[in-house]
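Below is one structure, written out as structure tokens; the observations come after it.
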Amino acid sequence: MDISKIDKGYKVTKLNGGSVGHVELITGTYENKPFKAVVKTQKKWERPGDPNSWRREYDLYTSNLAEIFTEDFRWPKCYHAEINDNETKLWLEHIEGVSGKNLTADMYEKTAEALGRFHGKLYTEKFSPTIENLCAENSMKNFYHHNRSKKELYNYIRQPDCKIPPHLCKMIIEMDEKSDKTWAEIEKLPVVLRHGDLFPPNIFYAPNKIILIDWDSAGRCYLGEDIVNLIGEGDPTRMAEHYQKCVPAYLKGFTQISNTQIKNPYIHERIIMHFSYMLTNDQTYRNTPKTPEERTQDLEALQKIYEIKE
């Protein structure tokens, strides 16, 4: 697409974007036809342990990854991509659909099944995108070990005077004790391409299609990692329901395409490992203390993780 042909009288509206990106809606005409595009500008920054994440979406959109998507499960189409030493700019398809908190449990389920088919297709066709800038498959494991290595927090949940309910502390401690064996089993699962940030605002559900946005955390992973995020980052009050719907749907989709049965994808175990220490930590990602309301919400989410086991 030649963006120089967009009518000069186009309108620019700022949209809610990520914490490090600048997102605008461009509305105007292109070759005498109505035109909308989302322009995403990403300045260079360094995510801890992942220095090239700032340019990953550009690298993905200029790779061959689009070949594996289908019309009913894909990312936004890219009209134009550019990069310099300190910034990327992507002109992307404007997506309309149900997203965020408006997603229903059935939409979660259908998203999970479509993702399973996508991963089944990747696995069966042994498709590999022509890009080296991907997160490694051990990223979730490393994140868990990083959080667990915080001695003050690690010791706190093991103290008799810990304010976290004992059954929740026990869940985390028991997971720690068997984590090495659990990861050894997880690492036997098929390796697929993850979205990496599959939470409700990044999902757009429309009739006959599901579109995922924000691929800057994409990488290789062991089967099921995106489902861990989908369940753990969704509405905590409905976590058990989403687990019951999404895990079977995901495995169904994967098996339909790959003809490969997965007995145990270790989704609940990874939910515990990935989210528990974050939820018990008194600091936010911004390293500022949590409010009492945030602490209460975190404990409620931790309880919902526990209830999945029940």
Side-chain angles (χ1 to χ4, degrees), residues 1-6 10 12 15 17-28 30-31 33 35-97 114-115 117-137 139 191-199 201-204 209-221 225-226 229:
M1 174 183 176
D2 185 356
I3 60 173
S4 66
K5 293 183 179 180
I6 297 175
Y10 61 77
V12 179
L15 299 176
S19 58
V20 294
H22 184 71
V23 187
E24 296 173 323
L25 174 65
I26 304 296
T27 307
Y30 179 76
E31 296 183 337
K33 295 179 180 179
F35 173 74
K36 282 185 178 181
V38 172
V39 179
K40 184 174 183 178
T41 303
Q42 180 70 67
K43 293 189 178 297
K44 186 175 183 178
W45 73 294
E46 186 166 332
R47 177 182 287 152
D50 190 12
N52 288 320
S53 65
W54 70 277
R55 59 167 292 162
R56 183 167 290 125
E57 281 198 288
Y58 170 86
D59 291 333
L60 284 168
Y61 272 113
T62 54
S63 75
N64 64 336
L65 181 59
E67 297 173 10
I68 201 72
F69 288 117
T70 59
E71 188 57 33
D72 62 346
F73 184 86
R74 59 183 177 86
W75 60 11
K77 296 173 183 175
C78 184
Y79 303 128
H80 177 77
E82 56 189 79
I83 189 171
N84 57 41
D85 291 340
N86 298 300
E87 182 180 278
T88 67
K89 190 181 291 286
L90 301 174
W91 291 66
L92 303 171
E93 174 188 8
H94 176 252
I95 304 299
E96 294 182 355
L115 181 65
R117 289 194 297 269
F118 174 65
H119 283 162
K121 187 178 181 183
L122 287 169
Y123 179 69
T124 302
E125 298 181 8
K126 302 187 184 305
F127 181 88
S128 179
T130 54
I131 171 179
E132 296 181 358
N133 184 16
L134 292 170
C135 293
E137 54 261 34
S139 295
V191 174
V192 294
L193 180 75
R194 73 175 194 185
H195 175 276
D197 198 12
L198 193 65
F199 77 122
N202 286 341
I203 301 168
F204 281 80
K209 62 183 175 182
I210 296 165
I211 299 176
L212 307 183
I213 66 171
D214 289 354
W215 289 74
D216 60 275
S217 295
R220 297 178 179 86
C221 74
E225 188 170 309
D226 278 325
N229 284 318

What verdict does the side-chain contact (heavy atoms from CB on, under 4.5 Å) test give for Cys221 and Val192, after you've listed the backbone C-alpha separation in whole Å, the side-chain angles of each residue and the deciding distance to 0.1 Å?
CA-CA 6 Å; Cys221 74; Val192 294; 3.9 Å; yes
What residues form a ring pair (Phe, Tyr, Trp, His ring centres under 6.0 Å) with Tyr79, not counting sequence neighbours?
Phe35
Exceeds 12 heavy-atom contacts within 6.0 angstrom, atom OH of Tyr10:
no
Which value, rounded to the nearest 0.5 Å, describes the distance between Ile203 atom CD1 and Ile211 atom CD1?
12.5 Å
Validation: residues 129-137 side-chain donor-acceptor distances under 3.5 Å, sequence neighbours left out:
residue : atom : partner : partner atom : Å
Thr130  : OG1  : Asn64   : N            : 3.3
Thr130  : OG1  : Asn64   : OD1          : 3.1
Asn133  : OD1  : Arg56   : NH2          : 3.2
Asn133  : ND2  : Asn52   : O            : 3.0
Asn133  : ND2  : Asp59   : OD2          : 2.9

So, the side chain of Arg55 versus the backbone of Lys43: is there a donor-acceptor pair under 3.5 Å, distance only?
no
d(Ile83 CD1, Thr62 OG1) to nearest 0.5 Å is 8.0 Å
Measuring from Asn202:CG to Asp197:CG, what's the distance to the nearest 0.5 Å?
5.0 Å
How about Glu93 and Arg74: do any of their side-chain heavy atoms sit closer than 4.5 Å?
yes
Would the distance check show the side chain of His22 and the main-chain N or O of Lys40 forming a donor-acceptor pair, the cut-off being under 3.5 Å?
no
Report the distance from atom OH of Tyr61 to atom NZ of Lys77, rounding to the nearest 0.5 Å.
11.5 Å
Rounded to the nearest 0.5 Å, what's the gap from SG on Cys78 to OH on Tyr58? Could you check?
9.5 Å
How long is the straight-line distance from CH2 of Trp45 back to CH2 of Trp54, given to the nearest 0.5 Å?
12.5 Å
Take Lys121 and Ile68 through the side-chain contact (heavy atoms from CB on, under 4.5 Å) test and state the conclusion after the steps.
CA-CA 8 Å; Lys121 187 178 181 183; Ile68 201 72; 3.9 Å; yes
No-hydrogen, no-angle side-chain donor-acceptor test under 3.5 Å, Thr27 and Lys36
no
Ile213 backbone acceptor or donor facing His195 side chain under 3.5 Å:
yes
Check ion pair Lys89-Glu82 (N to O, under 4.0 angstrom)
no
If you apply the rule side-chain contact (heavy atoms from CB on, under 4.5 Å), what do you find for Ile26 with Trp91, and how did you get there?
CA-CA 9 Å; Ile26 304 296; Trp91 291 66; 4.2 Å; yes
If the plane angle is over 60° it's perpendicular, under 30° parallel, otherwise tilted; pick one for Phe69 and Trp215.
perpendicular
Would you mind telling me which of Ile95, Asp226, Leu198 makes a side-chain contact (heavy atoms from CB on, under 4.5 Å) with Leu212?
Leu198
Heavy-atom neighbours of Arg220 CZ exceed 12 at 6.0 Å:
no
Taken in chain and number order and not counting sequence neighbours, the residues that satisfy salt bridge (charged side-chain N to carboxylate O under 4.0 Å, His left out) with Asp216 are Arg47
Using a strict threshold of under 4.0 Å (side-chain N to carboxylate O), is an ion pair present between Lys44 and Glu87?
no
